[in-house]
Amino acid sequence: MLMLRVIDNLVVREILTGIRRKGIDPASFRKGISNIGLYMAYEFADTLSWREVDVETPLGVASGVEITDRNRIVVLSILRASLPFTEGVMRVFPEAEQGIVGACRSDDPPFNVSVDYLRVPELDGKIMVIADPMLATGNTIMGILESLEAYGTPERTVLFNVISSRPGLERVLEMDMEVYTCSVEEELNDRGYIVPGLGDAGDLAFGRPSE
């Protein structure tokens, strides 16, 4: 399935405006990006399988729904930038299994990626949601997908981004996957960062690491 969905809800647009602001403190950035994960998960939930159920109320019986796909979802966090983003997603899908991926992109072109940590459940037949705030060159997600091949074949592969670059988006949409994002932006600078973007999401959330 190939799909791009841009989340342009007014509240999400306002949150995105706030977390882009230069000088934002880490606590405010983490809260904002977590809330975007929450709203994005709500949008994604509309694509899941469900069934009708009856529920007994204090005054009678009402018809309702039950999401039958909840126990098939695996949410993958990409260290370290996506941790607060994933936290918002998991608030909507607390039953989901969770995997952790450690990936590092070089600072210089061609921005090669090394995946050096993987703790991932079995993926066969699952709905795999990869949460990574920024889709820039696309190198990171492509490296991660290659590393995940040993863990099985998901029924659906879904990528959650806060901001996507046009070049990166074109690369990943050539794969059999779905992409949710809040903004598609045209330019990458010579460091491989999205412009105007918001900067380095990991540093904004947790502070700049020591050299």
Side-chain angles (χ1 to χ4, degrees), residues 1-7 16 33 36-37 40-41 43-44 47 73-90 96-121 123-124 126-189 191-195 197-205:
M1 178 187 295
L2 298 177
M3 186 196 77
L4 170 64
R5 185 162 181 176
V6 178
I7 309 300
L16 179 58
I33 211 163
I36 288 178
M40 191 169 285
E43 296 279 348
F44 168 69
T47 71
I73 297 171
V74 177
V75 179
L76 299 188
S77 296
I78 313 303
L79 296 176
R80 61 186 169 130
S82 76
L83 293 177
F85 191 31
T86 303
E87 188 270 338
V89 177
M90 296 295 291
E97 294 180 280
Q98 190 168 6
I100 303 293
V101 180
C104 183
R105 193 188 77 169
S106 68
D107 293 331
D108 301 309
F111 306 112
N112 293 323
V113 171
S114 62
V115 178
D116 50 22
Y117 184 87
L118 280 169
R119 288 295 183 271
V120 178
L123 297 175
D124 272 333
K126 301 291 181 63
I127 300 169
M128 179 174 70
V129 177
I130 303 174
D132 196 9
M134 309 298 285
L135 173 62
T137 64
N139 286 3
T140 299
I141 187 63
M142 300 300 281
I144 288 169
L145 289 174
E146 183 177 349
S147 298
L148 291 174
E149 290 176 358
Y151 292 84
T153 304
E155 181 178 302
R156 294 172 64 183
T157 299
V158 186
L159 179 61
F160 282 8
N161 290 129
V162 176
I163 300 176
S164 301
S165 77
R166 181 74 63 185
L169 196 57
E170 289 174 353
R171 287 187 69 190
V172 300
L173 286 176
E174 292 178 357
M175 311 293 288
D176 186 20
M177 65 191 310
E178 309 156 51
V179 180
Y180 286 73
T181 190
C182 301
S183 180
V184 179
E185 303 182 1
E186 302 297 328
E187 185 180 349
L188 292 172
N189 66 15
R191 297 181 60 204
Y193 281 53
I194 302 171
V195 179
L198 52 73
D200 187 300
D203 288 356
L204 288 167

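Position 1 is the first residue of the sequence; numbering continues from there. No hydrogens, no waters, no symmetry mates; every other heavy atom, side chains included, goes into these values.
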**OP:** Looking only at non-hydrogen atoms, find the nearest pair between Leu16 and Cys182 and report the distance.
**Re:** CD2-CB, 4.1 Å
Original post:
At what distance, to the nearest 0.5 angstrom, does CG of Leu173 lie from CD of Glu178?
Top reply: 10.5 Å
Original post:
At what distance, to the nearest 0.5 angstrom, does CD1 of Ile141 lie from CE of Met175?
Top reply: 9.0 Å
Original post:
Is there side-chain contact between Glu43 and Arg5, with at least one heavy-atom pair below 4.5 Å?
Top reply: yes
**OP:** Let me see the working for Met128 and Leu148 under side chain to side chain contact (heavy atoms under 4.5 Å, CB included), right down to the final yes or no.
**Re:** CA-CA 11 Å; Met128 179 174 70; Leu148 291 174; 3.7 Å; yes
Subject >> Check: Val129 and Leu76 side chains under 4.5 Å, non-hydrogen atoms >> reply: no
Original post:
Which pair of non-hydrogen atoms, one from Pro84 and one from Ala81, has the smallest distance, and what is that distance?
Top reply: CD-O, 3.6 Å
**OP:** Could you tell me which non-hydrogen atom of Pro133 sits nearest to which non-hydrogen atom of Phe85, and how far apart they are?
**Re:** N-CD2, 3.9 Å
Original post:
Between Glu187 and Arg166, is a salt bridge (Lys or Arg N to Asp or Glu O under 4.0 Å) present by the stated rule, with each step listed?
Top reply: CA-CA 7 Å; Glu187 185 180 349; Arg166 181 74 63 185; over 6 Å; no
Original post:
Taking all non-hydrogen atoms of both residues, which atom of Thr153 and which atom of Asp124 are closest, and how far apart?
Top reply: N-OD1, 2.6 Å
Subject >> Short N-O contact, Arg156 and Asp176, less than 4.0 angstrom >> reply: no
Original post:
Are Leu4 and Thr181 close enough that some pair of their side-chain heavy atoms sits under 4.5 Å apart?
Top reply: yes
Subject >> Spacing of CE belonging to Met134 relative to CD1 belonging to Ile163, to within rounding of 0.5 Å >> reply: 4.0 Å
Original post:
At what distance, to the nearest 0.5 angstrom, does CG of Leu118 lie from CD1 of Ile144?
Top reply: 8.0 Å
Original post:
Distance from Leu169 atom CG to Glu174 atom CD, nearest 0.5 Å?
Top reply: 10.5 Å
**OP:** Apply the test side chain to side chain contact (heavy atoms under 4.5 Å, CB included) to residues Leu79 and Ile100: give CA-CA distance (whole Å), side-chain angles for both, the deciding distance (0.1 Å), then the verdict.
**Re:** CA-CA 7 Å; Leu79 296 176; Ile100 303 293; 3.7 Å; yes
**OP:** Quick one: closest heavy-atom pair of Thr137 and Arg171, and the distance?
**Re:** O-NH1, 3.2 Å
**OP:** Kindly say whether Ala136 contributes a backbone atom to a donor-acceptor pair with the side chain of Ser165 at under 3.5 angstrom?
**Re:** yes
**OP:** Output, in order, the C-alpha distance, side-chain angles, deciding distance and verdict of salt bridge (Lys or Arg N to Asp or Glu O under 4.0 Å) for Arg191 and Asp200.
**Re:** CA-CA 11 Å; Arg191 297 181 60 204; Asp200 187 300; over 6 Å; no
**OP:** Using the side-chain contact (heavy atoms from CB on, under 4.5 Å) rule, pick out the option among Val101, Ile78, Leu145 that qualifies with Val115.
**Re:** Val101
Subject >> Heavy-atom check, side chain of Ile127 versus side chain of Val74, under 4.5 Å >> reply: no
Subject >> Lys126 side, atom NZ; Thr157 side, atom OG1 - distance, nearest 0.5 Å >> reply: 12.5 Å
Original post:
So, do Val75 and Met90 sit near enough that their side-chain heavy atoms are less than 4.5 Å apart?
Top reply: yes
Subject >> Non-hydrogen atoms of Gly37 and Val89 that approach each other most closely >> reply: O-CG2, 3.7 Å
Original post:
With no hydrogens and no angle check, is any side-chain donor or acceptor of Asn161 less than 3.5 Å from a backbone partner on Ser164?
Top reply: no
Subject >> Set of ring pair (Phe, Tyr, Trp, His ring centres under 6.0 Å) partners for Tyr180, sequence neighbours left out >> reply: Phe44, Phe160
Original post:
Does any donor atom in the side chain of Thr86 or Gln98 lie under 3.5 Å from an acceptor atom in the other side chain?
Top reply: no
